[in-house]
Amino acid sequence: IQHFRIFLMKSKNILMIENTFHGVGGHDIVITNLCVELQKLGYNTAIGAFNFIENPPSSIHPIKLNKSSFTKNSIDGFDFDIIHSHESFMNYYCLFNKKPLVYHFHGPNGILQALNFRLSMFLCQNRISKMITVSKSSTDYLKGKTGKIPIEIIYNGVETDLFHPKLPRPHLKGNPQLLFVGNLLSSKNVTTLVSSMSNILKLYPDAHLQIIGNGSEYQNLKDKIKNLKLEKNIELVGQLNREDIKFRFSSCDIFISASVAEQHSITAFEAMACGKPVLLSNIPPFREVISDSGTGLTFSPFDIFDITNKVKELFENYEKFKINTRKWAETYSWSSSAKQVAKIYDELI
């Protein structure tokens, strides 16, 4: 233990923080992969959270936080040099700690989070050393909201070793097979995808939609699928671990998301890594991805007829959209993201 403490004192120690670590959500995927890649660059990384639903990988030290944790510069024997916050809510706890604070902006999910973000910017503006955004669109969203905080764009990565085109397709049930992966929140607008299936089935009677994830909308979606009598055509799978999810990506033909609140879609990139074209709602961050990559199409998020037409257009021109998917995903590695984050740390320490 003594040798471990001395080692930590000599190294650059990074404390990633969020309210609850689930192990499978978008924030958790970002935090975990950055921690792993930063370790390869010589940093010591720990994840601090008030609750752990799942434990992080064994190489990453989990730290159970409490409200008084940030009154000191060492928590659970971890002497941190940088605090890297992934939620605006967590910034409040860092107000009275003098260590450099990096705020990773993933975007608000709903009105309450948007209001909390505004309050956080008002109270913590002079405390935040640097902000990281995950797309050009998210930087545009921040204009006029962050004062003089310096901002840098660092795109999220994708685990190209885990997600790749050579995986088997054990969950293929339809033609075309559609897939959504994400938190089942109202902002993800999955209910519109469910509604659109009745229309899609008129064109493709064997079409099938798999919905992976959990959240407040789960029961509403289950009831809607039953009311529309689409149990044979829509599978509400629930939450899966990363190993199981990769086979859902490999089994689909098209990844689809009608989300109305997103700054960067990790799941869309994971689908591309598996060689799958994507259909995304035409919100700015998704338009950015499709415009740059040419790996799919966008649609009006509440228009089931537009969704149906875009499924048809993509499926009829499948190879055209598929050809660049893997190549595009490979340009966004977590290693590259971590190197850019490390440069920020070095400037602040």
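These numbers were taken from a predicted model, which means no experiment stands behind them.
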Using a 3.5 Å cut-off and no angle test, enumerate the donor-acceptor pairs between side-chain atoms of residues 279-287 and protein atoms at least two apart in sequence or in another chain.
{"from": "S281", "atom 1": "OG", "to": "S259", "atom 2": "O", "distance (Å)": "2.5"}
{"from": "R287", "atom 1": "NH1", "to": "N282", "atom 2": "O", "distance (Å)": "2.4"}

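- N116 and S88 are linked by a side-chain donor-acceptor pair at a separation below 3.5 angstrom, with hydrogens and angles left out of the test.
- Nearest approach of I60 to T32, heavy atoms of both residues: CD1-O, 3.9 Å.
- Between the side chains of S251 and K173, no donor-acceptor pair is found at a separation under 3.5 Å.
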* Asked: Do N220 and L184 pass the side-chain contact (heavy atoms from CB on, under 4.5 Å) test, and can you show the C-alpha distance, the side-chain angles, and the key distance before you say yes or no?
  -> CA-CA 10 Å; N220 291 338; L184 303 185; over 6 Å; no

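- You'll find the ring centres of Y155 and F269 outside the 6.0 Å limit.
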Show every donor-acceptor pair shorter than 3.5 Å between a side-chain atom in residues 96-103 and any protein atom, with sequence neighbours excluded, or say none if there are none.
{"from": "N97", "atom 1": "OD1", "to": "K99", "atom 2": "N", "distance (Å)": "2.8"}
{"from": "N97", "atom 1": "ND2", "to": "F70", "atom 2": "O", "distance (Å)": "3.1"}
{"from": "N97", "atom 1": "ND2", "to": "K72", "atom 2": "O", "distance (Å)": "3.0"}
{"from": "N97", "atom 1": "ND2", "to": "N73", "atom 2": "OD1", "distance (Å)": "3.2"}

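- The NE2 atom of H86 sits 8.5 Å away from the NE2 atom of H27 when rounded to the nearest 0.5 Å.
- Closest heavy-atom contact between W334 and V158: NE1-N, 3.5 Å.
- Closest non-hydrogen pair, V190 versus F180, comes out as CG2-CE2, 3.6 Å.
- Residue pairs meeting the side-chain hydrogen bond (donor to acceptor under 3.5 Å, both in side chains) criterion with at least one partner in residues 178-188, sequence neighbours excluded, are N109-S187, K188-E262.
- When the salt bridge (charged side-chain N to carboxylate O under 4.0 Å, His left out) test is applied to K312, the partners found at least two apart in sequence or on another chain are E316.
- What you find for L123 and L95 is that their closest heavy atoms are O-CD2, 3.5 Å.
- Listed by chain and residue number, nothing satisfies the ring pair (Phe, Tyr, Trp, His ring centres under 6.0 Å) test with Y318 (two or more places apart in sequence, or in another chain).
- In terms of heavy-atom proximity, L162 sits nearest to L167 at O-CD1, 3.8 Å.
- For residues 118-127, the set of pairs meeting the side-chain hydrogen bond (donor to acceptor under 3.5 Å, both in side chains) definition, not counting sequence neighbours, comprises N91-S120.
- More than 12 heavy atoms of other residues, nucleotides or ligands sit less than 6.0 Å from atom CD of E231.
- Between the side chains of S137 and E288, at least one donor N or O sits under 3.5 Å from an acceptor N or O.
- Under the 6.0 Å cut-off for aromatic ring centres, F315 and Y204 qualify, their centroids lying closer than that.
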